[in-house]
Amino acid sequence: MSHRDQDGRPTPDACRRMFDALVVRAEAGEAVDLLPAVTALARCTGAWPELSAPARALTGHLLPRGNPEHPYALLAVAGLADATTLRSAADRLRRDRGPISLDEIDAVVALTSAERALLAGIDQVDTYQPPPSGPDIWRDAAGIPAYAAFARRALETAADRIDALHGGELPYRSDKAFTPREVEVLGQAARVALLCDEPWLPELLDRIVPGVAVAPGTAKTVPSQALLYEPVRAARDFPTPEAVTAIRAARSRTRHAGVPGRLDKLLGQVEPALAERTEVALWLSRAGFDDDGVLRRETADGCTAVVTVTERAELTWEKDGRPLKTVPASVRRDHAGLLKELRDLVKRVDIQLGTLARALEGGFTVDAVHPYGWWRTELAGHPLARSVVRRLIWEFGTAPGAWRAVLPAIEDLPDAPEDAPVRLWHPIRSAAGAVRAWRDRLVDAELRQPFKQAFREIYRLTPAEEETRDHSLRYAAHLVDYHRMFALFRARGWTSRRLGPWGDGDGAAAVRTLGAGEWRAAFLHDYVSWADGDAVASTDRVTFEHRTDGTWRDAPLAERCRRWSSARPCGTWTPSSG
């Protein structure tokens with residue numbers, strides 16, 4: 001009799017045998033790991049078997065043995081025994097955990113057995129790395145209403161505690177504001193909320209991330225480095241524009257010497273990931289701006305603040321309708337709070353515009369396509385986003401395989417159906433003459449693009465690469481400063497282990513996933529030696545892999561080019577042809 005169904009899920013009988021086998025191991029004094037049995041139970045093909053006896057025995061075996069490695073699995077198993085056993089397990093987990101963790105334990109205890117088993121999947125996640133099974137674990141957690149409610153409650157509690165520290169209501173001790181378990185729990189709560197792109201989350205991130213990056217007063221410490229970095233890692237897994245804005249605000253405010261560099265490295269992973277999440281990446285708040293990208297605030301003494309968004313946000317002042325060269329003295333004296341609020345707004349808008357530009361650039365490399373109606377309203381017509389969008393060249397689908405390119409800064413948008421496709425124009429899809437024409441138009445109009453588009457370098461296959469077929473030596477055989485190259489890998493979203501004069505430190509491949517997760521590039525490099533006190537590396541080949549049926553497979557360079565071209569049909573319209 002099979003222990004699994006055709007989809008590989010365990011049968012009730014197989015689940016019972018797993019629990020019985022664990023009891024045998026426990027009675028023999030061997031180590032016991034509950035997680036595989038609980039996760040199998042969560043995927044069981046039928047009604048769960050009777051497990052109260054083995055569950056009671058396993059819980060009794062584990063409770064006296066120090067800090068449980070898998071707390072969710074322990075609660076899930078204890079709940080299968082009886083209410084008394086579940087309370088005993090919960091009491092064991094409550095030791096030295098902090099108020100937020102205590103609230104979480106109470107929330108998990110109140111769940112159903114099936115929900116606790118589902119939640120045990122979190123035990124296998126290493127939050128320092130992307131989720132091993134994608135967003136499924138966090139989607140499962142978000143689908144449990146009581147846990148989703150706890151996630152919001154936990155983040156609200158964290159924000160209130162940080163506010164209380166800065167308000168002097170709580171004593172401040174460097175790096176002691178949250179317990180280690182509270183940090184873990186808040187990271188989990190942040191992932192659930194970021195996955196769902198909850199509307200209440202941006203306000204909490206604005207309080208938590210910048211707030212935990214700076215100490216009250218003038219100290220050059222932080223309330224909790226661990227809590228500062230955990231939401232950032234959560235944003236790497238499930239990025240949103242608001243999360244990036246909060247991280248950048250934290251980076252600009254901190255006085256801790258080591259924080260900016262660490263945040264820069266993490267931002268190098270967050271922002272490329274944001275481009276892959278197109279459903280949230282391009283959203284911007286209107287923040288009170290009118291359709292022309294202007295916000296006006298008047299004071300009681302007749303002064304008017306004007307925030308205007310062109311390429312950047314700019315704050316100016318007027319008095320009785322006349323522009324002023326500097327901030328009025330009455331505003332400095334009587335409206336210092338308003339002045340600070342508006343200056344902060346200018347900084348936030350500039351950060352948002354930079355985030356939007358980076359998200360669009362990420363979509364540029366994966367050929368992101370948007371429906372024309374949405375694009376016209378939410379991007380081209382948005383009072384803030386349009387300052388970025390109008391300086392980029394866009395293609396509008398006019399017929400299957402045919403596209404018309406337009407630069408909104410100097411020409412009208414076309415008449416097109418609401419569902420017509422819109423995408424960024426890419427020079428690799430155009431003839432050399434068309435690319436030159438677009439570059440000339442930008443220069444003549446004195447337009448600076450938010451990122452390199454018309455002037456972007458493109459690399460076509462060389463005869464040598466056609467001959468090598470599965471790898472490129474275009475960048476091989478160069479000696480480079482290794483530490484600088486490693487820093488660039490981190491900043492540009494590549495992953496690579498550090499090399500050096502130690503075992504297994506002589507060579508590696510820097511890897512980056514591209515094309516919405518369909519492609520993976522690898523850049524091989526070797527550690528060479530130290531020269532004049534600097535580490536030196538030698539560059540090697542570049543290879544590509546394509547995901548096929550969930551498996552990475554080597555892809556010939558010509559296939560990479562064919563797939564790129566077939567996914568991006570070329571039209572015949574050029575700037576000169578209108």
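Along the sequence shown, residues carry numbers from 1. On a predicted model such as this, the values are computed, not experimentally measured, just so you know.
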Side chain proximity check, W394 to L392, heavy atoms < 4.5 angstrom: yes
Short side-chain to backbone donor-acceptor contact, R286 and D291, under 3.5 Å: no
Mutual orientation of the aromatic rings belonging to W519 and H546 [parallel < 30°, tilted 30-60°, perpendicular > 60°]: tilted
Carboxylate-amine/guanidinium contact E361 R358, below 4.0 Å: no
Pair R153 + E156, salt bridge at N-O below 4.0 Å: no
V406 side chain near I393 side chain, heavy-atom distance below 4.5 Å: no
Nearest heavy-atom neighbours spanning S387 and R391: O-NE, 2.8 Å
Parallel, tilted or perpendicular, as decided by the 30° and 60° cut-offs, for the rings of W438 and W425: tilted
pair L413-Y372: side-chain heavy atoms closer than 4.5 Å: yes
Distance-only polar pair, side chains of Q352 and T245, donor-acceptor under 3.5 Å: no
Distance-only polar pair, side chains of Q188 and Y72, donor-acceptor under 3.5 Å: yes
Within 6.0 angstrom of D412 CG, more than 12 heavy atoms from elsewhere: no
Cationic N near anionic O, under 4.0 Å, E311 to R448: yes
Beyond-backbone contact of P323 with T316, side-chain heavy atoms, under 4.5 angstrom: no
Any W317 side-chain heavy atom under 4.5 Å of L339 side chain: yes
Sidechain N-carboxylate O distance under 4.0 Å for D440, R436: no
R262 to Y229, cation-pi by 6.0 Å centre distance and 45° axis angle: yes
Where D540 and F523 come nearest, the two heavy atoms and their spacing: O-CE1, 3.4 Å
